[in-house]
Amino acid sequence: MAIERAVRSNVRRARPPGPRKAVFIDDTPKPSEWRNIWVAIFGFYILFAETGVRQVMNGFVEPVIKTYNCTKDEADTAVLVVPMASRPFCSIFYQRTGARISIIVGAVLTGGSFVVGPFCKSIYLLMLATFGIGIGCGLMRNSIISIQCEYFKKKRNTVMAAISIGPGLGIFILPSTLKWIMVKYDSWGPAWWFLSLFYVISAIMGLFISKQPSEQTSSFSFSSAVKVCKKVEFDLHLIACFFASSVTFIYLANILILMESENIENKEGIYGFQGLASIVGKFVLTFVMSLNRVHNGIIMIISYVIAQLSLSSAAFCYKFWQFRIQNAFAGIGIGLYQACLAPFLVAIVGPSQLAYALGFTNLINGISIISGVWISGFASKGTTGEDARSAFFISIWLGIAAIVMSVVTSFLLMAREKHKRKPSMKQMKHSPELNALTNITSVENS
């Protein structure tokens, strides 16, 4: 008995439910992001005028002590602590007004503070002037770093690393230049007026930056700010920053005193050599980041290890060549950290939340600088070499804590990214793309 197989007629398959969508393919080549290279050049200069200047303010501690007959604690607070601790909430202003207004206001505020600072009659009025320096520098820094994400999407990490070379150039050039001005005019006032000229150029540069923050960050949102702090990796990063910034402040406040107590000649030149070393490290990092083969977490761990160990190793330095090597490695580590910080934060919170992340990082840095004096117990109490060396011994333990927290943060970030790249079956089951594909297949089979 032959069984006849029914021939299946050609049946037109039903299309998936829902309205039809036209698909347009744009074959027009997109212009290269390198056409915005001028924004990166502006970022290079503004960071040179902002971070590069703040890192050499320790050269004014001794002249300020002589001028106002104050203690080292008061001089450190006016020259080092206030400019670095008064920057946390500048990201809110950037979210409201955009990069152009933030940079111009910051440049005017910083330059004006450098002009009026030498006319202050007391150390407390000088603190008020340096408070303006801190606010102005914070406005420029947050704005010029965050706006790079709007101009560069694919080349973001490379550009971030490249513009971070600016501070290293400032640290290398400015210490000897400022010392020459102070010796020639027998006053620190002309040196401050010289620095104010940098911010006139920064304000002019800010006029040409037209892009605004993306729609996700165009206005300040408390919920968005809190959302950043809910990420465990970011919270651990803030803890690591707290310990690392304490070590950095102890270094800035005591390294020149320690070298002078050991009769080291040209101590400003040795300190400035740190900037040259950081430039070399940032050049290497720029090339490495352009390859996209090394995770930012690994680079961050390396920077913490080199920077923290070298900064605190000043406790064991007694001779010229020892200080030279110590400052060179400190510059390399700090340079790697400064170049990797923004890409590292982008990897944690995303480019749209970078301004919030920088704001919270500055907040923790400010708290750590204020408390770093109290934690060390010696950093700003004495003016002798032994007091400075004791402070560096305490910074060793703070540096170890910073390295441990950096390792935990980086490995947690890499583990989470690896988990995202390889989703589990449960994640795939609830994936909207997979559900849509299943519905289309079911319709076709029916």
Side-chain angles (χ1 to χ4, degrees), residues 40 43-44 47 51 55 141 145-146 148-149 152-169 171 231-245 247-248 274-312 328-351 353-354 357-358 361 364-365 399-421:
F44 177 92
L47 290 182
T51 308
Q55 293 291 329
R141 176 181 175 81
I145 292 179
S146 299
Q148 302 294 327
C149 296
F152 299 95
K153 304 296 184 181
K154 298 180 180 179
K155 306 293 184 181
R156 182 188 303 123
N157 290 351
T158 303
V159 171
M160 293 287 190
I163 66 175
S164 65
I165 298 175
L169 185 62
I171 297 173
K231 294 182 178 293
V232 178
E233 300 93 330
F234 183 70
D235 296 335
L236 296 175
H237 156 75
L238 294 180
I239 298 175
C241 283
F242 176 85
F243 292 118
S245 296
V247 175
T248 303
Q274 173 202 143
L276 181 62
S278 70
I279 292 174
V280 176
K282 289 172 182 177
F283 267 120
V284 174
L285 182 60
T286 302
F287 173 75
V288 171
M289 283 191 166
S290 65
L291 300 178
N292 292 324
R293 294 183 179 180
V294 182
H295 194 278
N296 292 331
I298 299 297
I299 300 176
M300 184 61 73
I301 293 175
I302 295 174
S303 69
Y304 265 89
V305 172
I306 297 176
Q308 301 307 310
L309 294 182
S310 58
L311 289 173
S312 57
F329 279 98
I332 294 174
I334 294 175
L336 291 175
Y337 173 80
Q338 291 176 345
C340 186
L341 176 61
F344 185 71
L345 293 178
V346 170
I348 295 177
V349 302
Q353 305 295 329
L354 177 60
L358 288 173
T361 301
I364 296 301
N365 287 340
I400 293 174
I403 293 172
V404 172
M405 295 307 302
S406 172
V407 172
V408 174
T409 304
S410 299
F411 276 101
L412 183 60
L413 174 62
M414 289 186 289
R416 180 159 297 187
E417 288 183 352
K418 184 178 180 181
H419 179 68
K420 288 182 179 179
R421 286 195 299 265

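It should be emphasised that the depicted structure is a prediction, and the values quoted were computed from it without experimental measurement. Reckoned from all heavy atoms, side chains included, excluding hydrogens, waters and symmetry mates.
Considering every non-hydrogen atom in both L412 and V232, the closest pair reads CD2-CG1, 3.8 Å. Of all heavy-atom pairs spanning S410 and G297, the tightest one is OG-O, 3.2 Å. In terms of heavy atoms, M300 sits closest to L341 at CE-CA, 3.9 Å. Of all heavy-atom pairs between I306 and F329, the closest is CG2-O, 3.3 Å.
Side-chain contact check for N296 versus L413: every heavy-atom pair is 4.5 Å or farther apart. A 4.5 Å side-chain heavy-atom check between I334 and L311 finds at least one atom pair inside the cut-off. Considering only heavy atoms from C-beta on, Q308 stays 4.5 Å or farther from I400 through its side chain. Contact annotation: the side chain of L345 approaches that of H237 to within less than 4.5 Å [non-hydrogen atoms, C-beta and beyond]. With a 4.5 Å cut-off on side-chain heavy atoms, Y337 and I299 do not count as touching.
Note that SG of C241 is 11.0 Å distant from CG of L236, once rounded to the nearest 0.5 Å. Once rounded to the nearest 0.5 Å, the distance linking CG of L169 with CG of L47 reads 12.0 Å. Between the CD1 atom in I302 and the CD1 atom in I332 there is a gap of 12.0 Å [rounded to 0.5 Å].
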